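Encoded as structure tokens, the structure appears first; notes follow it.
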Amino acid sequence: MIATAAYNEAVRRHFADPRHAGDLQKDHDLTLVADVSESAEGAHIVMSAGIRGDTIAGMAFRVRGCPHLIAALELACRILTDQPVASLENFDSANITEELSVPVEKAGRILLLEDALATLWAQYASAED
Amino acid sequence: MSAAAVYLDFAATTPIDPRVADAMQSCLSPGGAFANPASIHIAGRASAALVEQARQRLADLLGAEPHCLIWTSGATESDNLAIAGAAGFRAHRGKHLITMLTEHKAVTESFRHLEKSGYDVTWLKPDADGLLAIDELEAQLREDTQLVSVMQVNNETGVIQDIRRIGEVCRARDILFHTDAAQSVGKLPLNLSEMPIDLLSLTAHKFHGPQGIGALYIADRPGCKVLPIMHGGGQERRLRPGSLPVHQIVGAGTAAGIARDEMADDLLHAATLRDRLWRGIQDVPGILCNGSTDHVYPGILNVSVPGVEGESLMLGLEPVCAASGSACNSTSGESSYVLRALGRSDALAQSAIRFSFGRTTTKNDIDVAIERYRWAVDHLRSIAPLHSPGC
């Protein structure tokens with residue numbers, strides 16, 4: 001059985017109340033959508049960023065994954081909302097890993113989050129071109 | 001265990017019966033039966049008498065002769081001793097062995113170890129209900145087949161195999177038949193005096209006894225023997241060396257006696273609870289019951305739902321303590337090999353939850369499980385991608 005003691009309070013809080021879970025309002029200058037999955041691990045992320053000017057005006061996600069991944073996505077959305085778009089490129093997941101006490105064996109799940117953010121940034125850069 | 005926890009993981013282990021704990025405590029108290037039962041002095045003989053009394057109680061539960069029972073540390077050791085011991089004893093006759101893909105790891109890993117040692121193992125696949133087709137077994141038997149091992153009740157699905165029929169097929173060909181009965185002893189009626197079973201593994205903690213004590217039944221008939229896999233003193237007919245843990249054996253014997261007396265009530269109670277649980281969740285969209293619904297021990301209900309991830313489902317279930325389809329080796333995140341052998345997809349196997357319950361489970365416990373399961377599935381589906389691969 002999975003030991004639920006493996007989840008710290010932050011994971012439990014974001015898991016139970018992921019405020020950014022769902023779909024993004026469509027009232028932004030530009031809407032970016034990343035759809036990434038790791039079939040071997042069964043995790044699947046759809047992450048959206050609404051851009052207004054050069055600011056991330058809103059973020060949302062959908063996810064099928066473990067509690068750490070759900071919490072990591074929620075935390076990332078909270079951190080990135082109202083930040084410059086360039087934050088997508090420079091996002092450092094180490095703080096999230098630390099705050100959520102993500103176990104080493106789940107590092108791959110957090111890489112999936114980084115993949116999603118990288119995809120969003122690439123879309124933005126492409127749109128700017 | 002947290003006071004708020006709702007424990008529905010009886011297939012993993014059962015809460016120790018207070019009457020068992022009292023019996024064990026009497027051994028552990030000052031003046032209790034602490035002496036080594038192998039010692040020939042008065043204190044040792046007192047311990048030995050308790051050991052034999054417990055052996056008799058366990059034999060009565062099984063319909064077996066007491067001298068056919070060897071105390072072990074649990075079902076894993078019993079499985080290892082039965083499989084490696086029987087294969088070794090019969091090696092001069094042949095090296096073909098048969099088991100199923102859905103056996104407990106204690107069995108599958110024992111066979112894999114033998115495969116590496118030069119034995120030829122046939123791995124039988126169950127049907128979609130988890131049942132073994134007897135004609136499939138018969139088709140795989142060979143002149144050099146020496147041992148067949150099929151568990152009675154599957155630890156993940158609760159599916160009950162027809163071990164009488166399997167035993168008959170084996171007995172007719174002088175092939176040893178072993179069954180891992182860890183999930184059935186003390187729960188389902190069993191009379192070994194009229195069953196064609198040569199070797200049977202059990203453990204006390206699955207029927208409200210203590211952890212760390214089990215037994216291996218070895219039928220008293222020609223050609224049915226095992227070689228020891230451990231070496232030391234001459235305890236347990238020289239098959240299982242080591243000082244016997246008197247308090248644990250007394251606990252196992254007491255638990256066996258209680259199980260025998262209360263089995264009918266326990267079974268009826270489990271069936272009532274299973275029906276209540278299934279009725280409470282059967283309308284969850286897409287839910288599937290894993291394994292046969294006809295040939296199943298009623299103390300286990302294993303269900304899967306598409307579109308949710310097992311580990312998150314487990315956290316959403318709190319305070320309910322159940323087991324996940326990614327159980328046992330949780331760090332790997334690997335989905336249940338048992339459910340995949342039944343043809344479930346990785347995603348469905350990974351979303352599986354095994355609820356298991358018994359004597360001390362209340363209707364309120366089941367109602368909490370129903371409420372939490374429904375909430376967890378709704379919650380996880382509400383945040384899931386609208387279309388996911390594998391779902």
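Proteins get letters first, then strands, A, B, ... in listed order; numbering begins at 1 in each. Predicted model only: the values in this text are computed from it and were never measured.
- Using a 4.0 Å cut-off between a side-chain N of Lys or Arg and a carboxylate O of Asp or Glu, A/Arg109 and A/Glu114 do not qualify as a salt bridge.
- Judged by the 6.0 Å distance and 45° axis criteria, B/Lys105 is positioned over the aromatic ring of B/Tyr337.
- Looking at A/Pro18, only its side chain comes within 4.5 Å of chain B, counting heavy atoms on both sides.
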The test is ring-ring contact (aromatic ring centres under 6.0 Å, His included); show your working for A/Tyr7 and A/His68 and say whether it passes. CA-CA 8 Å; A/Tyr7 310 118; A/His68 285 104; 5.3 Å; yes
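- Of the listed residues (A/Val11, A/Val63, A/Val46), the greatest number of heavy-atom pairs within a distance under 4.5 Å of chain B belongs to A/Val63.
- Only the side chain of A/Ile70 comes within contact range of chain B, with at least one heavy atom under 4.5 Å from a heavy atom of that chain.
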Table please: side-chain donor-acceptor pairs of residues 205-214 of chain B below 3.5 Å, with sequence neighbours left out.
from     : atom 1 : to      : atom 2 : distance (Å)
B/His205 : ND1    : B/Thr13 : OG1    : 2.6
B/Lys206 : NZ     : B/Ala11 : O      : 2.7
B/Lys206 : NZ     : B/Ala12 : O      : 2.8
B/His208 : ND1    : B/Pro15 : O      : 2.8
B/Gln211 : NE2    : B/Thr13 : OG1    : 3.2

